[in-house]
Amino acid sequence: MPGLADALTLLAPMLRVRPELQDFCRFGGDWRSVHAAEERGWAAFHIVTKGTCSVERAGQPSVQLEAGDVLLLPHGDGHVVYGGEGRMDFRAVTVTYRDYIRIKQTDDIAIETELICGRLHLDSASENMLLKTLPHVIVLRLGGLPSCGQLVSTVREELEQDRAGAAAIARDLASALFVMLLRQHLEADPPADGLLALLGARETARAAAAILGDPARDWSLDELASIAVVSRATLVRAFRRISGMPPQAFLTEVRLGIARTRIGQTSDALGQIAADVGYQSEAALSRALYRRFATRPGAMRRTSNKAVDVVLPA
């Protein structure tokens, strides 16, 4: 029977994480930092490299963090990060800029807490299906993960020393770090639904893997059921139970996810993208994208072209 390890192996090539390192924070005394909700499809994160702090979402209990902890908000919820002794006399924060990141620091006091803050996007063909499986808050303690802890230390050193190429190195290291962290979380708390559950369930794993492996193919329900070695009715019921959609709808989601990623991240011609994901023409793909995402390919590409992977001074 397929398991989560097999599911992660199948999914690994699709987990392309694009982080934006936004803030390097160095705080002392009583302080707070307010973070607005992220755009759809973006997750917020905080990596604590020194000291302690708390994170609170509206109406939810606070989460306590210490050095070596990583907090991930997969759905990009608005939140407040704060620290100190709770006197509510928050110290002024000075903001300066390097070429690629904001530096936030409290004035005239010893630095007790350091954080690396930012957001990330899963550039995956089925990013929405994966994000749906994740809770609103994930906290990972890196004490038992030496490899992840070393990555965090290296990211901090690059930001602190500000050497040539630091921005690119830090982003690449952060990307590797978050793939490892997602893997650890999903292994520790396997999802009951969504993409990984499809790839881990006996009735659906082979069919879901076949779709992911060749999304341009005109898969019939009979073919998918044969690959899965179950009846058509059993396959449909299993897909609906796990992912909330039948196999053909899952195929459409995968195709459109791939198309949206390529439109936003490459300069490939729309006609080529359409052919590669199983659509007969640019017009057919454009109509399908508009039905699913309420936007046209041209607008997707223009929006993506405005995005950058670093935060620059205003």
Side-chain angles (χ1 to χ4, degrees), residues 17-93 95 101-102 104-106 112-122 124 127-143 145 148 152 155 174-175 177-196 307 311:
V17 177
R18 178 158 57 97
E20 289 184 2
L21 302 179
Q22 297 175 310
D23 300 318
F24 183 31
C25 301
R26 308 179 76 243
F27 295 143
D30 283 5
W31 58 270
R32 70 195 297 261
S33 180
V34 179
H35 297 261
E38 295 292 344
E39 303 167 49
R40 182 178 178 182
W42 287 88
F45 67 84
H46 299 282
I47 305 171
V48 184
T49 60
K50 177 181 178 179
T52 63
C53 64
S54 300
V55 179
E56 187 172 318
R57 295 182 299 135
Q60 301 297 320
S62 62
V63 178
Q64 312 303 311
L65 303 175
E66 60 185 30
D69 290 350
V70 178
L71 179 133
L72 182 64
L73 300 169
H75 306 281
D77 299 340
H79 58 286
V80 178
V81 187
Y82 60 93
E85 299 179 0
R87 291 192 296 266
M88 305 299 287
D89 182 19
F90 300 120
R91 303 191 69 87
V93 174
V95 179
I101 197 167
R102 281 188 301 249
K104 295 182 177 180
Q105 182 166 326
T106 46
E112 300 164 335
T113 301
E114 292 184 347
L115 306 98
I116 300 169
C117 310
R119 63 178 191 165
L120 62 87
H121 193 277
L122 280 175
S124 162
E127 61 191 15
N128 291 333
M129 299 185 72
L130 177 59
L131 287 173
K132 269 194 321 190
T133 71
L134 301 177
H136 281 269
V137 178
I138 298 173
V139 179
L140 293 161
R141 318 288 181 181
L142 300 186
L145 296 170
C148 288
V152 169
V155 170
S175 179
L177 170 67
F178 281 107
V179 171
M180 295 170 71
L181 293 176
L182 283 172
R183 180 180 66 186
Q184 187 212 15
H185 169 73
L186 293 167
E187 287 176 337
D189 188 13
D193 55 17
L195 178 57
L196 281 171
V311 176

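Residue L120 holds its CG atom at 8.0 Å from CH2 of W42, rounded to the nearest 0.5 Å. Rounding to the nearest 0.5 Å gives a distance of 9.0 Å between CG of D30 and CZ of R91. The distance from the CD1 atom of I47 to the SG atom of C25 is 11.5 Å, given to the nearest 0.5 Å. In this structure, Q60 CD and H79 NE2 are separated by 13.5 Å, a value rounded to the nearest 0.5 Å.
For S33, the side chain to side chain donor-acceptor pair (under 3.5 Å) criterion is met by H35, not counting sequence neighbours. Take Q64 and apply the side chain to side chain donor-acceptor pair (under 3.5 Å) test, not counting sequence neighbours, and it matches S54, S62. For R57, the salt bridge (Lys or Arg N to Asp or Glu O under 4.0 Å) criterion is met by D77, not counting sequence neighbours. Scanning for ring-ring contact (aromatic ring centres under 6.0 Å, His included) contacts around F24 gives an empty result, with sequence neighbours left out. Judged as a salt bridge (Lys or Arg N to Asp or Glu O under 4.0 Å), and not counting sequence neighbours, the contacts of D23 are R102, K104. Residues satisfying the salt bridge (Lys or Arg N to Asp or Glu O under 4.0 Å) criterion with R26, sequence neighbours excluded, are E114.
In terms of heavy-atom proximity, V80 sits nearest to R32 at CG1-NH2, 4.0 Å. Considering all non-hydrogen atoms of both residues, W31 and T52 come closest at CZ2-O, 4.5 Å. What you find for V139 and R141 is that their closest heavy atoms are CG1-CZ, 3.5 Å. The two residues C117 and H46 make their nearest non-hydrogen contact at SG-ND1, 3.1 Å. When all heavy atoms of L21 and F45 are compared, the pair lying nearest together is CD2-CZ, 3.7 Å. The minimum heavy-atom distance linking Y82 with E56 is given by the pair OH-OE1, 3.4 Å.
Looking at T106, its side chain does come within 3.5 Å of a backbone N or O of G28 through a donor-acceptor pair.
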- Task: Assess whether side-chain contact (heavy atoms from CB on, under 4.5 Å) is satisfied between T49 and L115, documenting all intermediate values.
- Result: CA-CA 6 Å; T49 60; L115 306 98; over 6 Å; no
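Counting only heavy atoms from C-beta outward, the side chains of D69 and L140 never approach each other to under 4.5 Å.
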